[in-house]
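Okay, so here's the structure we're looking at.
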Amino acid sequence: MSLEVDITHPLAGFDLRVAFEAPGGVTALFGRSGAGKTTVINAIAGLLRPQAGRILLSGVPLFDAKARVNLPVHRRRLGYVFQDGRLFPHLSVRQNLTYGCRFAPRGEPGPGLDEVADLLGLGPLLDRRPGALSGGEKQRVAFGRALLARPGMLLMDEPLAALDAARKEEILPYLERLRDQSGLPILYVSHSVAEVARLATTVVVLEAGRVVRAGPAEQVLSDPAMVRQFGLREAGAVLPAHIARHHADGLTELAVSGGRLFLPEMDQPPGTRTRVRILAHDVIVADRAPEGLSALNILPGEVVALREGQGPGVVVQIRCGGDLLLARVTRRSAEALALAPGRRVYAVIKTVSIARTDVGAG
Amino acid sequence: MSLEVDITHPLAGFDLRVAFEAPGGVTALFGRSGAGKTTVINAIAGLLRPQAGRILLSGVPLFDAKARVNLPVHRRRLGYVFQDGRLFPHLSVRQNLTYGCRFAPRGEPGPGLDEVADLLGLGPLLDRRPGALSGGEKQRVAFGRALLARPGMLLMDEPLAALDAARKEEILPYLERLRDQSGLPILYVSHSVAEVARLATTVVVLEAGRVVRAGPAEQVLSDPAMVRQFGLREAGAVLPAHIARHHADGLTELAVSGGRLFLPEMDQPPGTRTRVRILAHDVIVADRAPEGLSALNILPGEVVALREGQGPGVVVQIRCGGDLLLARVTRRSAEALALAPGRRVYAVIKTVSIARTDVGAG
Amino acid sequence: GTTTVFAAASLKTAMDDLAAAYKAQTGNDILASFAGSSSLARQIQQGAPAQIFISANPGWMDTLEGDGLLAESSRTDLLLNSIVLIAGPGAAADLSVAISPDLDLAGTLADGRLAMALVDAVPAGIYGKAALSSLGLWDSVAGKVAQADNVRAALRLVGAGEAPLGIVYATDAAADDQVRVLDTFPADSHPAIIYPAAILKDGDGEETRAAFTFLTSEASREIFRRHGFGIAGE
Amino acid sequence: MADWLGPEEWQAVALSLKVSLWAIVLSLPFGILTAYALARWSFPGKQVLNGIVHLPLILPPVVTGYLLLLTFGRRGPVGGLLDDWFGLVFAFRWTGAALAAAIMAFPLVVRAIRLAIEAVDPRLEQAAATLGAPRLWVFATVTLPLILPGVIAGAILGFAKAMGEFGATITFVSNIPGQTQTLPSAIYTFLQVPGGDASALRLVAVSVAVAMAALTVSEVLARRAAKRVSGA
Amino acid sequence: MADWLGPEEWQAVALSLKVSLWAIVLSLPFGILTAYALARWSFPGKQVLNGIVHLPLILPPVVTGYLLLLTFGRRGPVGGLLDDWFGLVFAFRWTGAALAAAIMAFPLVVRAIRLAIEAVDPRLEQAAATLGAPRLWVFATVTLPLILPGVIAGAILGFAKAMGEFGATITFVSNIPGQTQTLPSAIYTFLQVPGGDASALRLVAVSVAVAMAALTVSEVLARRAAKRVSGA
Ligand SMILES: Nc1ncnc2c1ncn2[C@@H]1O[C@H](COP(=O)(O)OP(=O)(O)OP(=O)(O)O)[C@@H](O)[C@H]1O
Ligand SMILES: Nc1ncnc2c1ncn2[C@@H]1O[C@H](COP(=O)(O)OP(=O)(O)OP(=O)(O)O)[C@@H](O)[C@H]1O
Ligand SMILES: [Mg+2]
Ligand SMILES: [Mg+2]
């Protein structure tokens, strides 16, 4: 399952020209408000006919301007979770949820109504109409509806934007399972770097209708050049890791190329490959091995590069084993520690700051 | 300017009974999806007539079931930024923005169209119609429209949910200035604890139509009992502080009761009172004064209490000066450091982790 | 059996009585469809399931005859009528006029209207215009004529007092107590007002003939007379 | 009340009801199709179709009736064919009255439904399509329920129009008691004779009562349909 | 074409246009008000108002015309007052023809506008109110522009109806060439006499041409208004 998009679509005052590939798993479309994310998804879903180009799903053209192919929307079988909900106002929540079931390919595996209603906390609302739902409830119904149609691919446009943290925490693991177990490819639009980092295998960054960066999530998210896109607070590195073992006190030990990391207990068995995201501002740099600290994760490494920002901060790139970590320190600290390329340092990472949200199976 | 709400409104399957006071400044309405936030705001705006109770703004009743007072919507002069946008589809962005200007009280100070368009990045869109806007663009127009009507109070229902981090970073300081300079009271619904912590002077937590906690933001946000509401990652303490001085290398030195904190440069002059939010998972605990660390902020303190969670983590309450800090450490570290009430420790906080978003004027 | 008669609308009451008498006499039905003569004639042209046509307008009967739709030599002039000048509540209660070329009809009307049926289309209007013309009165009142789409509507304009005077059939005026007849137009002032009747070629048959004979029988004539009609040939 | 009206008059009432109901049954499906085509499709001759739909409104009813007579009469081009092929005769039958009423009501039916269709948010239909629903299914399960208040409004307008239709009907199918004499024809007949006003008034009262009853029912139905949509 | 029609016929064309335009000008404001009341307010007697609005559709036109005559005639209760107070006379004047056409068109105008109003999302009107706009202003700046396509549809339906209206008009104001002889009256006159079909046909053609032109213009206007709303 892979999606290939290469389209051109000029609008008054906005010119869309994007080409990218989504090789399966979760592909995050990332970009500022007005960058063209919804427009791209609309084109893939068939709601917008691009002026030129083509869109292939697993090699099959959904749209090809040259070959005059333009598969009708309902034959594309793409589950679209709209940014603006679009629930059927005259149908109950239950009828909304099951609307697509009739057209789902027979025998296709997938969750049932009860399972979805449970996951999304819609049980007590099944007999209401959308007019009597809160904003977040609507968003959940829209998600469930797309899911129950057993689509060949999910297109999700900010599906969790109106949800509270607790509800997100319930849905995100479900999305991870979808990604890992069902192999359902997902195109995911979100402004939350944490969500993207957690879910995405591929990240495509849009800016004013152009793709400015696309690639595996680890690379794009760790790219210091992308700091502006993601915001300073979200800059960080994503490291491949595998689970070494589970400790009795509820910690899981992960092996990364530069050493060991301790983490709140994970579900997967030892040996599972995973990814760990370490935000630059969660890393403390020390010039000697620190002692008597609550932080359990201390990786030795070597400064590779220093990059000064506009503020009083400096981004330090540290090689720990085969991977690159990013750390944000003040210029004052950089001077105090005499940080310079080649200097041997220790990266101190609080265990608990590698939160559940920032870990995803690779 | 203070808002007093005390209303009852039973709906089929949902029973709203809330009473709270918003003493001016920014009051955050916080609660899970479906908790009743929008319903409360609708009642205040006059779009919903509660079954019983009363709503007073600066002592003047907007609604009083007993006294049969129910001020019509347009006389309440409350700028409502709707969760669902509600732009006028037949008017251009410019006309949408200026719709309320005609009714603004003459001579009322406030930003002009150009200023608002600039702030919200709507300049190039002024002649478009809402149908040709992206989700985030719509949300910005809705915000600008409410602002330009020069309301006596702003009601904002998840106004930044569809916006990217960069755009939020532009709008949040503006909201802070609104709060601090114009004294415009704001009722603010958001699922983002970071936003709430930054903006709110008062926090009201709703659950299933009831107020479960209300009070000054520092207290509510630092309350370990509220961890479930805000999510584990967002637990932390809010400390009052004042600006001690600005350093030449771009750092600002803040005085808190327990010592000094260094922060990226702030705008305000020395002496300004402010607030600092320190997330529990950003605090490292050490049993001796650490050396050779990039972290500049090290506050000595004394363990007050330990609270074990479900996971492998322990929340440690530390008294630094007159304030209480929260730190999340693993059980393993707590044992290694022999943390117990009365133990003298050092709280290590990375300078840069006290991010701009987490500071607000008190 | 049932015989369908297409009859001018003004014959409704008379035809109802006739149908009852026919039923009593023969046990058969006469079913009458009433509409404007023009509508009926056109319908007959289009093959309407009618056996007998009684027209208020000889012109339409001529047309059907020309089209060869009438049964051979069945056409007969059935009824006569006359037109009268009437006054209603809109006119002075003591108004009395006699129709003659000297009549100052325009002056009598003052700024009121003279209600008539359409003077170029509906028989009562055509006869009325002819009569006024031959009396030399038409030109003076032409601009004051309010033309209704049928004679009953003209009668109603007078009855409601909207028009002080009107020209209608004697049969209509007699039955309406809102109006009074001022005078009858001399028979020689307009073409004879004749209601021709005929058997339709497509509907010809023994029973139709019987019904037609009944319509022209003395018993029927008595009924027509009772409703104010004159009998042609008397 | 049974002896308040004579048997012939009862016949007229019954016939008018039958004719009006059939007129609506006849014009609703075509009305919905035409309204949809006018609202959503663009095709050559769209303006012409739109014009034809409005014709019965523009033409004096007598003209419409006459045109119907020429077209659907036994000797008319279409009337002959329908008779030969399907044994369907309109001329001088109650079926013709229903046809006339349907055609006269058609512009009203189409306009009401078209306005309703134009008010439907096409993004909802798109959403249904993304869920795998083919066009016709989308129409039946999304568009149609959403335009139901409009369809009801169209139906009731059409019904009222059909109950009151006179000119085209009497011109097309004449005024034969028990066969083509509808209420308005009967009223007309009474108005044509001296002393018939009282009888006419009685029939007018019946006509108004029937139409008001239909109107009230339709309002209730439409409100219910609208409530479903508003979703409260 | 000038000598294709006689001067009297040209008069009829001009008069029909004048009458139809005035009928629309007359019925639109009342139509909008009535439609708004029926769509948005609830008040005692609402169903009765709704019924009265539909009456001209249900009643045979002749009856409507006669009722108008009794009410607005010189001797009618309202007609007399209007004459005394404003010098406004309807009987036998083109104004009466316009009144008759307006009343016959009224149910169509109201229905179209009402459907449009019911399709307006009240949340937009709420939004306008929160911005400080009083009700009437909200109506003028939000509701009215949003229902514009419906208002145009109502106006064109009404115009078409007015162009075709015959029965009520001739009953109320009769047929006075140059004053109340509208196109349909003229057409009717020709149809009554043997051999008048050709002349009638000419007038029908004129009537259809005028109405089609109006229809096309209205479609363009309505599409423009709808486009504004869809916002693309
Ligand atoms: N019909 C149109 N005509 C002109 N410009 C349009 C039209 N529709 C959308 N745009 C513009 O295209 C750009 C991309 O819109 P799009 O909805 O794809 O943005 P987005 O990336 O989804 O943004 P957001 O995060 O705010 O939802 C926006 O600047 C928008 O204003
Ligand atoms: N008309 C109604 N009838 C019954 N229940 C309703 C109605 N309207 C809203 N509700 C319910 O009231 C509750 C509160 O809704 P509200 O919109 O206030 O939630 P909210 O706190 O704003 O949630 P969100 O964050 O998802 O927007 C929800 O559970 C909703 O389902
Ligand atoms: Mg978008
Ligand atoms: Mg809400």
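Computation of the quantities below employed the complete heavy-atom set of this structure, encompassing side-chain atoms and omitting hydrogens, waters and symmetry-equivalent molecules. Chain identifiers are assigned alphabetically (A, B, ...) following the order of the sequence lines, protein sequences preceding nucleic acid strands; residue numbering begins at 1 within each chain.
Smallest separation of non-hydrogen atoms from E/S207 and D/I58: OG-CG2, 3.7 Å. Between D/P61 and E/G164, the shortest heavy-atom distance links the atoms CD-O, 4.1 Å.
When side chains are defined from C-beta on, D/L55 counts as touching E/M212, because their heavy atoms get closer than 4.5 Å. D/L191 has its side chain out of reach of E/Y66: every pair of non-hydrogen atoms, C-beta onward, lies at least 4.5 Å apart. Contact check for D/I187 versus E/L59: no side-chain heavy atoms found under the 4.5 Å cut-off.
Within the 4.5 angstrom heavy-atom criterion, no atom of E/D121 approaches chain D. Using a 4.5 Å cut-off between heavy atoms, D/F159 makes no contact with chain E at all. Residue D/L38 does not touch chain E at all, counting heavy-atom pairs closer than 4.5 Å. Heavy atoms of E/L201 lying under 4.5 Å from chain D are absent altogether. Using a 4.5 Å cut-off between heavy atoms, E/L157 touches chain D through backbone and side chain atoms alike. Heavy atoms of E/P56 lying under 4.5 Å from chain D are absent altogether. Residue contact with chain E, scored on non-hydrogen atoms closer than 4.5 Å, is absent for D/L183.
Atoms NZ and NZ, on E/K161 and D/K161 in that order, are 4.0 Å from each other to the nearest 0.5 Å.
Contact tally against chain E (heavy-atom pairs below 4.5 Å) for D/R114, D/M163, D/H54, D/E219: the top residue is D/E219. Ranked by heavy-atom pairs shorter than 4.5 Å toward chain D, the options E/E118, E/E165, E/R223, E/Q47 are led by E/Q47. Of the listed residues (D/T64, D/L108, D/T216), the one with the most heavy-atom contacts under 4.5 Å to chain E is D/L108. Heavy-atom pairs under 4.5 Å with chain D were tallied for E/A153, E/A116, E/A112; the largest tally goes to E/A153.
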Output, in order, the C-alpha distance, side-chain angles, deciding distance and verdict of side-chain contact (heavy atoms from CB on, under 4.5 Å) for D/L115 and E/R111. CA-CA 10 Å; D/L115 273 172; E/R111 256 307 171 176; over 6 Å; no

